[in-house]
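Ligands are counted one by one from 1 in listed order, and the atoms in each one are counted from 1 as well.
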Amino acid sequence: MFRQQAIRSISRRYATASATGTSTGPQARASVPNYALFSERLNLARSTILENKPLTLAQKILYAHLHDVGSMTSAPVAGETYLKLSPDRVAMQDASAQMAILQFMLSGMAQTAVPTSIHCDHLVEAYKGGDLDVARSWQSSREIYEFLQAASQKYGIAFWRPGSGIIHQLVLENYAAPGTLMLGTDSHTPNAGGLGMLAIGVGGADAVDAMAAIPWELKAPGIMGVHLRGKLSAWASPKDVILAVAGKLSVRGGTGFVVEYFGDGVDSLSCTGMATICNMGAEVGATTSVFPYAPSMARYLRATQRTGIAEAADTYRASYLSADAEVVADPSRYYDEVVEIDLAQLEPGYNGPFTPDLHTPRSKMTETTQAEGWTDRVSAALIGSCTNSSYQDLSRAASLARQASARGLRVAEGTEFLVSPGSEQIRATMERDGIQAAFEGIGATVLANACGPCIGQWNRDAGRAPSRESNSIVSSFNRNFRARNDGNPNTLNFLASPEMVLAAALSGRLSFNPLTDKLRDANGKEFALEPPVGSELPAEGYAAGRDEYKPLLDHQPDRQIPIDPASQRLQSLDAFKPWNGRDFADTRVLVTVQGKCTTDHISAAGKWLKYKGHLENLARNTLIGAANAAMDGAVNLVRNAVPSLTPAEGTIPDVATSYRDAGVPWMVIADYNYGEGSAREHAAMQPRFLGCNMVVARS
Ligand code: SF4
């Protein structure tokens, strides 16, 4: 990541205008992709290294983005060959962008080589709701926002202010384009696969490669085909597809694969529904997920002012934007694995608690809640996030809210109901079309267009949820590691469709099954909810939203980027010392991690998010979520292996710091699943900053 010399020389050789348009400056929307160029590159790869064999969609997009097919002599081998790729675009969120920008500043480049956007979404804390929370975030994170804004102006990056929306929703609305390749510094970047884009979550250093026009390396993935048949039933939604897939595959099942959907079921899904499915594909460990170009994508592109992309994509649907016909006709021959899903048989599901792959179908939820001893009472129901805040999601959930309102019913007593719109466009449309009123009519609080509770930025009312008390929450988010949402390790967090979240809000119980059970109205009379209904797209089109949330597109190459040397939030980077070429000796085992060790365990979010641009301060949270197998699974507690050092026993960062200061190298021994999650770059840099020289894991 500190390869500034290399970056400078390579960027001079390779910097070219993006294949998604001639402009590399700040863009409000994606340009029409150069499909003729992609096809030409793909055909060259087919005829030289691929023996003209049929290809899946993901392979087509990858091979059309090979940096230099002429240097390859044979077909890539999944799991072995490193592909050198030329991404078309980069998107970054405010937490991870800080470190990426600090690195890019070392490159010496005048502007990013590919269109890039920064989205301020993670640092907005959910507290009072909407604009009040955005205003508070300016008070608490002004320094970061001004740093990111100045860097955006200097390097020609589109800057989306806090309150404008969540990165993946904004990318879907503005930047995603079928058949293109994007890197995003967030693990749910695959959301854009719902619009046929190959969108891959990476650390900041990888994003910097793309921004500096250095070929980006990816180990050739296997391709897993998911065959969708039929059509969803009335209560089921796209969220239930990915909840079921996660249940089938587990959090490791997609590792090393791109998940590619195909089959007649695809055409029955909305574009935003497919985005939900791809978004949460990150939870099975997949490199990314992608859908073939479908009629609903064309409808969505037109509804979001990108008719030109839809027209161009229509032309390339068969040749470039879907798997070859031979693949679809004989999937088991061409996909490395095939998963079958009959949409008509899917029922709503709940995944959790504490892991996104523990799947319970609705029909088993009541008995499972009892058998597992889960807290039946639902203390909070949360709709929205980048995963499920589409017009379709919200309008379907609102149809249930209206039924309740018509009978004088509000959310259950003791249940908080929070809505996180994915973007200002969605919020404004929701307000105009009465969806917000429907939610507020039953007692909802509409939060800012930001991540909020999904990333632990939830200032939860202590009176309602005492910090360590066991309680259950149901959300339409995508990730539910322990303590992720509210910092309380005893909060049981279940992931479900927006419709099931609404049902949980009204009933206040996990055990309530809206398909079979009845609610009581204001007069105590029983009634059953009718199945939800909604619209794929707003009949009157999307509302534009308020001007202050439009992107800043202001390229000022001479702009200075402010970093106060005394800052506690931002710190310029120094290069790590390179390896001296000798074997490691006298390395101490700092911790032998028991169980999974995600990036949330290695570099916790919540209150630590504010230090994402200050490596030294952030390193104080290193591995604080890790359980030590050598001390009966004690969390964040280790013994010091060097008798002369203090503390003799202490937190992981404290003992690691004592080793670092004494020049004692250390290592981590991990189990499966080390480093899964969003904060991968920080999870790699922090241990190294504290003197770690290796992590040994089983996979
Ligand atoms: Fe934000 Fe949650 Fe989406 Fe991540 S998964 S981008 S934290 S809303």
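- Checking Cys386 against atom 3 (Fe) of ligand 1, an N/O/S atom falls under the 2.8 Å cut-off.
- Remark: aromatic rings of Trp374 and Phe494 are close, center separation under 6.0 Å.
- The closest protein non-hydrogen atom to atom 1 (Fe) of ligand 1 is Cys451 SG, 2.4 Å.
- For Arg620 and Tyr611, the positive end sits near the middle of the six-membered ring, less than 6.0 Å away and at most 45° from its axis.
- Using a 4.0 Å heavy-atom cutoff, His168 is listed among the residues neighbouring ligand 1.
- Of the protein's heavy atoms, Asn478 ND2, 3.2 Å lies nearest to atom 5 (S) of ligand 1.
- Heavy atoms of His122 found under 4.0 angstrom from ligand 1 belong exclusively to the side chain.
- Cys454 lies apart from atom 1 (Fe) of ligand 1 in this respect, since none of its N, O or S atoms is found at a distance under 2.8 Å.
- The aromatic rings of His168 and His188 lie perpendicular to each other, with more than 60° between the two planes, well past the 30° mark.
- A cation-pi arrangement, defined by a distance under 6.0 Å to the six-membered ring centre and an angle within 45 degrees of its axis, is absent between Arg161 and Tyr145.
- Ring to ring, Phe104 and Tyr155 are close: their centroids are under 6.0 angstrom apart.
- Heavy-atom contacts of Ser385 reach the following atoms of ligand 1: 8 (S) (cutoff under 4.0 Å).
- Contacts between Arg484 and ligand 1 below 4.0 angstrom, taking non-hydrogen atoms only, involve the side chain exclusively.
- Shown here is Lys128, whose NZ atom has no more than 12 heavy atoms of other residues, nucleotides or ligands within 6.0 Å.
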